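Lettering follows sequence order; numbering is per chain, from 1. No experiment lies behind these values; they were computed from the predicted model shown. Note that these values count all heavy atoms, side chains included, but never hydrogens, waters or copies made by symmetry.
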Amino acid sequence: MLDIQLLRNQPDLVAAGLARRGIAIDLAPFEVLEAERKAVQTQTQEMQAKRNALSKQIGMLKGRQAKGEDVAAEIDRLMTEVAGLGDALKANEEKLAVLLAELDAFVSRLPNLPHESVPEGRDETANLEVSRWGAPPAFDFAPKDHVDLGEGLGGLDFERAVKIAGSRFTLMKGGIARLHRALAQFMLDTHTREHGYTEVYAPYLVNPDSMFGTGQLPKFEEDLFRVERSDGTRLYLIPTAEVPVTNIVRGEILEVDQLPLKFVCHTPCFRSEAGSYGKDTRGMIRQHQFDKVELVQIVAPETSWQALEELTGHAEAILRKLGLPYRKVALCAGDMGFSAAKTYDLEVWLPAQNTYREISSCSNFEAFQARRMQTRCREKGGKPRPVHTLNGSGLAVGRTLVAVLENYQQADGSIVVPEVLRPYLGGQERLTA
RNA sequence: GGAAGCGUGGCAGAGUGGUUGAAUGCACCGGUCUUGAAAACCGGCAACGUCGCAAGGCGUUCGUGAGUUCGAAUCUCACCGCUUCCGCCA
């Protein structure tokens, strides 16, 4: 959520920021609404103050009456006076509530403003490559894609996944299922042992407040899987561990010297992929369910930009240890997600596609999520102020599996296990049919 | 699923319709004293919103939402959560 004070005081700055995202916004309706709010709120509060003062007087008189003084007439007079406020006050309060809800609905749907360092551009073609690591492997044979490799090894079975659940689901077996698990554990171990993160296990179903807090609601409900309960309430399947883990601190005031909080969490992620029909239909690149190891940081506001560089580095460390070639890309303003102030994508080399594909997305949200969650920090003696939040994939496990299969494939269709994973596979050096 | 109880400020814990945004203690901050520290003593210390150049004023908030009332932490209803006992169970 943007700071509503910023909208009031510097609407041009907000409009300019949103324009960088390709959003032409007319703030005139907001300003009309805001003027009305101001008038109604001021009036309402004056009436409330009057009511409170009169009620207080009645209370005092009742006290004197109890001691035997004859003040009944005075009490009657005040009761009549305060009764005159009744309906008008109630009408004003209701009107104010409607106005505040409208303002809130408007502001809740505005995305974050891009940081000044974010490249200009409307879509992914304007994203800026920041760096590259590793060289794509040279094959003296035609490399297969992960679908052919996995099926050849008897470890990927998309036909049966369709039978069980439908399209965009994966069934893994044997060595590939094990490799998948090894990847997740390797990532968790690296982040906890080497990067200072605390491992977290969190709910896979969350309430609407949590989805609002990180910015998935109210605007992107169609991207989520929803679970209706018999009592009429609903839960949502998490599209990323970002949601439950960031919401750990929702509604809390943290001591600034407890920060940063660094969490790592391995969960399945569930996405409806509405609107991506026909995109990446082959293989396990784009699934309704996939595993991801997520890094989340809750930091003091001054430190978030340094934290973004560090967090991105933590994700990069996994790719390097696995020996997977990748590049780091700064997303342009028009390609960033709703809540982000800046995002780096890490893209891994996929030989079969002869290109780099997203495997991690690392973002600084500044105070955008913190304002939605009402998460603040306080310095000794100071006023609470919103924290900054960050997160990044470290990494998407399914896509990492794809990258390992494709980059480590051999001419005979077997897969060499990257050295760092061998301890997790009982020393196994190669996956064969 | 059955029964009972409980949700108050960073924590503990008073408060059952009227100058209560809330006693008291702890924690925390500032000061006095002390060579220094501790102890003792004095003072301060909720959040959010809003008006205002500011000083400051006003409003809202005692799990959440609705209701009764001139007035609600206190009364009513619903919901959420927690505790204990019984039952069931991975």
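Taking atom C1' in both G67(B) and G31(B), one finds a spacing of 50 Å when rounded to whole Å. Separation of the P atoms belonging to A4(B) and G59(B) is 41 Å when rounded to the nearest angstrom. When the P atom is used for both A73(B) and G17(B), the distance is 13 Å, rounded to whole Å. Taking atom P on both C11(B) and C51(B), the two are 31 Å apart, rounded to the nearest angstrom. Separation of the C1' atoms belonging to A27(B) and G5(B) is 30 Å when rounded to the nearest angstrom. Straight-line distance between the P atoms of G65(B) and A46(B): roughly 23 Å, to the nearest whole Å. Using atom P as the reference point in both C75(B) and G15(B), the two lie 13 Å apart (nearest Å). Spacing of C1' atoms, A3(B) relative to U69(B), comes out at 34 Å, to the nearest Å.
In this structure, the nucleotide among C51(B), C70(B), A46(B) sitting nearest to the side chain of R37(A) is C51(B). Of the candidates U50(B), C48(B), C70(B), U50(B) carries the atom nearest the Q41(A) side chain, counting heavy atoms from C-beta on.
When both pairing distances are held under 3.5 Å, G7(B) makes a Watson-Crick or G-U pair with C80(B). C33(B) is unpaired under the Watson-Crick or G-U wobble criterion, no partner having all donor-acceptor distances under 3.5 Å. Under the Watson-Crick and G-U wobble criteria, each requiring two contacts below 3.5 Å, nucleotide U60(B) is paired to A47(B). Across every strand in view, G87(B) sits unpaired, with no contact that passes the Watson-Crick or G-U test at under 3.5 angstrom. G18(B) is paired with C70(B) under the criterion used here, namely a Watson-Crick or G-U wobble arrangement in which both key atom distances are under 3.5 Å.
By the side chain to side chain donor-acceptor pair (under 3.5 Å) test, Y408(A) is found to be paired with no residue, residues two or more places apart in sequence or in another chain being considered. Taking the side chain to side chain donor-acceptor pair (under 3.5 Å) definition, one finds that E194(A) meets it with K321(A), sequence neighbours left out.
Between T198(A) and V264(A), every side-chain heavy-atom pair lies at or beyond the 4.5 Å cut-off. Side chains of V296(A) and L390(A) form no contact here, defined as non-hydrogen atoms less than 4.5 Å apart. Two residues are said to be in side-chain contact when any heavy atoms from C-beta on lie closer than 4.5 Å; I176(A) and I415(A) fail this criterion.
Remark: P of C51(B) and CG of N9(A) are 10 Å apart, rounded to the nearest angstrom. Note: CG (L103(A)) to C1' (G49(B)) measures 13 Å, nearest angstrom. As rounded to whole Å, 13 Å separates atom C1' of C80(B) from atom CG of L235(A). In this entry the distance linking NZ of K62(A) with C1' of G18(B) reads 9 Å, nearest Å. Between L96(A) atom CG and C51(B) atom C1' the separation is 14 Å, expressed in whole Å. The interatomic distance linking N92(A) (CG) with U60(B) (P) rounds to 13 Å, in whole Å. With rounding to whole Å, Q258(A) atom CD is found 14 Å from C28(B) atom C1'. The nearest whole Å value for the distance from the CZ atom in R250(A) to the P atom in C48(B) is 17 Å.
Counting non-hydrogen atoms under 4.0 angstrom, Q5(A) reaches the backbone sugars and phosphates but no base. In this structure, R77(A) reaches neither bases nor backbone, as no heavy-atom distance under 4.0 Å exists between it and the strands shown. Within the nucleic acid shown, R8(A) comes within 4.0 Å of sugar-phosphate atoms alone, with no base atom in reach, counting heavy atoms only.
Remark: R378(A) is not in phosphate contact with G10(B), judged by side-chain N or O atoms under 4.0 Å from OP1 or OP2.
A side-chain donor from one of Q48(A) and E93(A) sits under 3.5 Å from a side-chain acceptor of the other.
Residue pairs that meet the salt bridge (charged side-chain N to carboxylate O under 4.0 Å, His left out) test with at least one member in residues 170-179 of chain A, sequence neighbours left out, are D157(A)-K173(A). Note on residues 300-310 of chain A: pairs passing salt bridge (charged side-chain N to carboxylate O under 4.0 Å, His left out), not counting sequence neighbours, are E302(A)-R385(A), E309(A)-K328(A). Residue pairs meeting the salt bridge (charged side-chain N to carboxylate O under 4.0 Å, His left out) criterion with at least one member in residues 211-227 of chain A, sequence neighbours excluded, are E221(A)-R226(A), E221(A)-R234(A), R226(A)-E228(A).
Shown for residues 44-60 of chain A: residues whose heavy atoms fall under 4.0 angstrom of RNA chain B, namely Q45(A), Q48(A), A49(A), R51(A), N52(A), S55(A), K56(A), I58(A), G59(A), M60(A).
The residue among E34(A) and P384(A) whose nearest nucleotide of RNA chain B lies closer to the 5′ end is P384(A).
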